[in-house]
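Structure first, commentary second.
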Amino acid sequence: MLAMYGSFWLHELWQIHPYIGLIIVVPAAFLFGLVVYAGLMAPATRRGSSVQLFVTMGLSLLLTNVALLLWKADFRSIAIPLSSNNLTLGPIFIPLAALIALGMAISATIGLWAFLQMTHIGRAIRATAQDPGTAELMGINIWAVNAVTFALGTALVALAGPALSPVYPVFPGVGLQMVGIAFVVVVLGGLGSVPGAWLGGIIMGVIDAFAGFYFPTAFKDTIFFVVFLVMLVLRPSGILGIRGAEEVGLR
Amino acid sequence: MSDYALDTIILTLMAAAMAAAWNLFCGYVGQVSVGHAAFTGIGAYVSTLLLLRLNLSPWIGMWAGAAVAAIAALVIGSITLRLRGPFFTLATIAFAEVLRTLALGLRSVTEGAVGLTIHTPPSLGLMRFDSKLGYLVVALGLLALILAVTVLQERSRFGYLLRAMGQDEQVAEMLGVNTMPLKLGSLALSAALSGMMGTFYAQYVTFIDPDSVFSISESIQLALITIIGGMGTPFGPVLGSLVMTPLSVWLRGLLSGQTAGLHLIVYATVLIVVVLFLPRGVMGAMQGWWQAVRRRRGKLARDLGAK
């Protein structure tokens with residue numbers, strides 16, 4: 001939500017194209033993530049999972065309402081030539097901006113996966129996730145790793161902001177709307193798995209498209225959550241996730 | 001006493017009661033539900049529909065709503081209670097959202113987004129009162145009921161087992177505690193009482209629609225109040241509501257809607273501060289302070305006695 005507003009204002013005030021504004025928004029988000037981690041998440045993590053839950057809930061509520069206060073509830077959109085550019089493949093219309101966003105998502109996913117698999121920091125992150133105690137014994141700075149992981153997550157989410165801003169309006173609640181879907185995607189694909197998140201996203205997108213076609217629009221959102229609940233019953237760890245994570249927590 | 005003051009008191013009592021119902025399950029079993037608005041919403045819709053379509057008094061509709069909410073709790077609980085931590089919480093969010101979207105979509109039953117309005121004339125039999133005092137008495141009664149249930153639960157074997165589960169479920173299971181039925185029972189009780197409060201809400205506000213009664217924001221505020229006051233204590237929710245509700249009413253009145261989200265900003269900040277620095281809520285902090293005082297007094301007495 002903040003990233004989308006950032007993108008909007010960069011364009012509104014200084015005519016910076018969202019894809020270029022990306023270069024400002026994403027690193028800013030990374031820094032923001034570091035600050036949030038240091039100030040809120042680190043103490044919260046020390047105190048346990050329900051504290052984390054409430055702190056993040058509180059933060060989300062706080063940021064959403066600060067945005068509401070500052071920028072009101074109006075929907076803002078960026079209208080650039082790109083916004084209405086459609087690609088025609090036979091009988092199919094695809095908004096060009098959506099296609100570019102897809103491209104960004106694919107590159108980001110591959111980039112993240114490669115980062116986690118092949119770089120030193122990536123391995124440190126995976127090690128810390130598997131067993132923080134031993135990782136620390138092996139000399140990994142847990143605090144730094146956690147901070148970077150959180151900030152990285154923030155930055156990736158922020159990537160979606162500029163990517164979507166040509167075609168999706170921004171309003172204070174937009175983040176909450178997307179986070180709901182994101183939860184379902186992650187549970188679907190499996191916590192702890194990047195390819196899983198990718199798979200979950202595709203599946204949800206397809207379900208969304210078909211549900212919109214076959215069901216009355218009023219029930220489209222219900223479908224998401226029903227899918228979610230079904231997943232939780234049948235295979236809580238997700239399609240590609242680590243089994244048992246849902247019962248013992250993520251540790 | 002002005003209508004505004006009465007309204008604030010009633011809202012405080014109502015929020016305290018709803019939070020207390022939430023606390024019955026979440027405070028003792030320790031699993032956080034951010035979807036309890038589902039249960040209050042069920043109560044509100046069931047009793048209101050029974051009133052509007054079948055002319056059934058809300059006093060009876062209240063119990064019907066409670067029953068439906070309890071059944072819903074059993075259904076959703078049997079699916080989700082074996083999930084731990086954040087997964088359970090996500091499932092409760094999903095459940096509330098399913099109900100919200102269903103209420104929006106099933107227009108023929110619920111009038112969808114238009115909502116339901118109660119315009120029956122004031123009458124005791126129909127739970128509608130001329131002056132706010134009537135509502136005050138009912139709210140007080142309901143709050144007293146829920147608090148009584150909480151205290152009874154705390155002192156009963158049922159509550160004892162719940163708290164054991166809340167502290168460490170696996171150990172409790174090893175010691176032979178039958179966790180699933182206990183958790184289901186607790187959730188159903190909490191849901192039933194939440195449903196009753198939903199009926200009161202509908203009767204007081206006289207207008208319900210899916211976005212106001214089933215919203216996540218409502219659920220979060222319930223949780224917030226209890227956490228700030230102190231989860232797992234009977235009076236925590238009351239304390240939390242005493243602090244937060246008048247504040248939010250005042251904030252919402254301030255600048256007549258210009259500062260739309262201000263009260264939520266304050267809520268959120270207080271939540272973050274309390275959760276990080278007063279983990280057992282204000283109630284817990286007070287208990288801790290009192291124990292520290294008693295310890296110091298005890299030391300003094302011992303020093304004097306040793307002379």
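These values consider heavy atoms only, across backbone and side chains, with no hydrogens, waters or symmetry-generated copies. Chain A is the first sequence line, chain B the second, and so forth, proteins listed ahead of strands; every chain is numbered from 1.
- Once rounded to the nearest 0.5 Å, the distance linking CG of Leu276(B) with CZ of Phe54(A) reads 12.0 Å.
- With sequence neighbours excluded, the residues satisfying ring pair (Phe, Tyr, Trp, His ring centres under 6.0 Å) with Phe214(B) are Tyr45(B).
- Of the atoms belonging to Val34(B), it is side-chain heavy atoms, and not backbone ones, that fall under 4.5 Å from chain A.
- Note: Ile76(B) CD1 to Leu229(A) CG = 5.0 Å, rounded to the nearest 0.5 Å.
- With a 6.0 Å radius and a threshold of 12 heavy atoms from other residues, nucleotides or ligands, Trp143(A) has its CH2 atom above the threshold.
- Looking at Ile227(B), only its side chain comes within 4.5 Å of chain A, counting heavy atoms on both sides.
- The CD1 atom of Ile93(B) sits 8.0 Å away from atom CE of Met57(A), with the distance rounded to the nearest 0.5 Å.
- Residue Val98(B) touches chain A through both its backbone and its side chain, counting heavy-atom pairs closer than 4.5 Å.
- Between Gly58(A) and Ala268(B), the shortest heavy-atom contact is O-CB, 3.2 Å.
- A distance of 5.0 Å separates CG in Leu59(A) from CD1 in Ile272(B), rounded to the nearest 0.5 Å.
- Within the 4.5 Å cutoff, the side chain of Phe228(A) has heavy atoms near those of the Leu90(B) side chain.
- Here the straight-line distance linking atom CG of Leu224(B) with atom CG of Leu61(A) works out to 7.0 Å at 0.5 Å rounding.
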